[in-house]
Amino acid sequence: MKRYLTTVLLTLCCLTALPFTLVIDAGHGGKDPGAQCRTAKEKNINLAVALALGKLVEQNCKDVKVVYTRKTDVFVELDERANIANRAKADLFISIHTNATAAKVGPRGAETYTLGMHRAADNLAVAKRENSVITLESNYEQRYEGFDPNSSESYIIFELMQDKNMESSVKLAGLIQKQFRTTAGRVDKGVHQAGFLVLRATSMPSVLVELGYINNPSDVTYLTSTAGVNALAKSIYNAFVAYRK
């Protein structure tokens, strides 16, 4: 029995020594600017926060391997972003975005999404906007099996999907929102579910963060400032550390 327990303990030690792989996805990029306003482009905000987040993890979590879907201003197809995470056998996937509305002036605040049902019309609108990037990809009708990002009917599949990582994803999303509120002092717009293609194809717990609204003057000033970028990155980092514990 003593020899058996020793073997078990050694096995557990080996398992805990395995590196944790975090994939950080800066949404949009290259020919896809994402949401825009007169003074900023979403792709640049996303990348700045993604790089700042990755730097914090690399400096303070030596047992974590950080993988980026992009580190420069390049276009990465949606399915390839998920493929990068799957090939890396990632333990966690965080996709970073900036929100916008059709109104001239949008609301304020940050929110975090997990994959799932999009009962609210606002959630569906956000998913449609983020998923519309696939129309910039060649042969997207075949690649995404006829999925039309602008058709509400295409999203029925998300009502039917059973996400085995949902509990972990929702837990992380809640931690991120808490940190946005306490560390970054942002308006907390809550945790939501919606049909994001980039989350559908990942095989690990995953969230999509909307840092703020690029069509809100107050938000965009914050999002493009060094202090704002660092505070948002620190918020996600703190949530990541709490999630691992």
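Small disclaimer: the values here were computed from a predicted structure and weren't measured. Computed from heavy atoms alone, side chains included, the values below leave out hydrogens, waters and symmetry copies.
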Task: Heavy-atom pair of closest approach, residues A26 and R81 - done: O-NH1, 2.9 Å
- [ ] Taking only Lys NZ, Arg NE, NH1 and NH2, and the carboxylate oxygens of Asp or Glu, determine whether D73 and K41 approach each other closer than 4.0 Å.
- [x] no
Open item on the list: When you group the ILVMFWY residues by side-chain heavy-atom contacts below 4.5 Å and let the links chain together, are V229 and V187 in the same group?
Closed with: no
Open item on the list: Would the distance check show the side chain of N46 and the main-chain N or O of T98 forming a donor-acceptor pair, the cut-off being under 3.5 Å?
Closed with: yes
Open item on the list: Could you tell me if the side chain of I96 sits less than 4.5 Å from the side chain of L211, heavy atoms only?
Closed with: yes
Open item on the list: I'd like to know if R87 and E80 make a salt bridge, using a cut-off of under 4.0 Å between side-chain N and carboxylate O.
Closed with: yes
TODO: Flag the pair L22 / D91 as yes when at least one side-chain heavy-atom distance between them is below 4.5 Å, and no otherwise.
DONE: no
Open item on the list: Using 30° and 60° as the class boundaries, would you call the ring planes of H28 and H97 parallel, tilted or perpendicular?
Closed with: perpendicular
Open item on the list: Minimum heavy-atom separation for A100 and I214, please, with both atom names.
Closed with: CB-CG2, 3.9 Å
Task: Within-4.5 Å side-chain heavy-atom neighbours: Q36 and P33 - done: yes
Open item on the list: If you define the side chain from C-beta out and look only at heavy atoms, does anything of I236 sit under 4.5 Å from L232?
Closed with: no
Task: Non-hydrogen side-chain atoms of P217 and V105 separated by less than 4.5 Å - done: yes
TODO: Just do the side-chain contact (heavy atoms from CB on, under 4.5 Å) check on L78 and F196 with the steps written out, would you?
DONE: CA-CA 10 Å; L78 273 188; F196 292 102; over 6 Å; no
TODO: Measure the shortest side-chain to side-chain distance between T69 and V23 over non-hydrogen atoms and say whether it is less than 4.5 angstrom.
DONE: yes
Task: Partners passing side-chain hydrogen bond (donor to acceptor under 3.5 Å, both in side chains) against E58 (at least two apart in sequence or in another chain) - done: Y68
Open item on the list: Going by side-chain hydrogen bond (donor to acceptor under 3.5 Å, both in side chains), name the residues that satisfy it together with N215, two or more places apart in sequence or in a different chain.
Closed with: T101
Task: Nearest-0.5 Å distance that lies between atom CG in D219 and atom CD1 in I45 - done: 9.5 Å
Open item on the list: Assess whether a salt bridge exists between R70 and D25, defined as any Lys/Arg side-chain N lying under 4.0 Å from an Asp/Glu carboxylate O.
Closed with: no
Open item on the list: According to a hydrophobic-cluster definition based on side-chain heavy atoms being under 4.5 Å apart (Ile, Leu, Val, Met, Phe, Trp, Tyr only), do Y243 and V66 belong together?
Closed with: yes
Open item on the list: Donor-acceptor pair, distance only, cut-off 3.5 Å: does the side chain of E111 make one with the backbone of Q177?
Closed with: no
Task: Non-hydrogen side-chain atoms of T112 and E210 separated by less than 4.5 Å - done: no
- [ ] Answer yes or no: are there more than 12 heavy-atom neighbours, outside K55 itself, under 6.0 Å from its atom NZ?
- [x] no
Open item on the list: Could you see if Y237 belongs to whatever hydrophobic cluster contains I94? Use Ile, Leu, Val, Met, Phe, Trp, Tyr and a side-chain cutoff under 4.5 Å.
Closed with: yes
- [ ] Taking the six-membered ring of Y222 (Phe, Tyr or Trp), confirm whether the NZ or CZ of R186 is under 6.0 Å from its centre and within 45° of its axis.
- [x] yes
Open item on the list: Once rounded to the nearest 0.5 Å, what's the spacing between atom CD1 of I84 and atom CD of E77?
Closed with: 10.5 Å
Task: For the student: nearest non-hydrogen atoms of A88 and V67, plus distance - done: CB-CG2, 4.3 Å
Open item on the list: Tell me whether T21 contacts the main-chain N or O of K65 through its side chain, where contact means a donor paired with an acceptor under 3.5 Å.
Closed with: no
TODO: Kindly compute the distance separating CG (N230) from OG1 (T183), expressed to the nearest 0.5 Å.
DONE: 12.5 Å
Open item on the list: Could you check whether any side-chain heavy atom of N86 comes within less than 4.5 Å of a side-chain heavy atom of S203, counting everything from C-beta outward?
Closed with: yes
Open item on the list: How close do K189 and H192 get, counting heavy atoms only, and between which atoms?
Closed with: O-NE2, 2.6 Å
- [ ] Of all the heavy-atom pairs spanning S218 and N216, show the shortest one and how long it is.
- [x] N-OD1, 3.0 Å
Task: Approximate separation, where rounding is to 0.5 Å, of S169 OG and M204 CE - done: 10.0 Å
TODO: Determine, using the 4.5 Å side-chain heavy-atom cutoff (strictly less than), whether L51 and I176 are members of one ILVMFWY cluster.
DONE: yes
Task: Straight-line distance of N238 CG to L175 CG, nearest 0.5 Å - done: 10.5 Å
- [ ] For this output row, return yes or no: ring centroids of F20 and F240 closer than 6.0 angstrom.
- [x] yes
- [ ] Please answer: with hydrophobic residues joined when any side-chain heavy atoms are less than 4.5 Å apart, are V57 and L47 in the same cluster?
- [x] yes
- [ ] Measure across A85 and F93 and return the closest heavy-atom pair with its distance rounded to 0.1 Å.
- [x] CB-CD1, 3.6 Å
TODO: Mark yes or no for whether E42, through its side chain, and G34, through its backbone, hold a donor-acceptor pair below 3.5 Å.
DONE: no
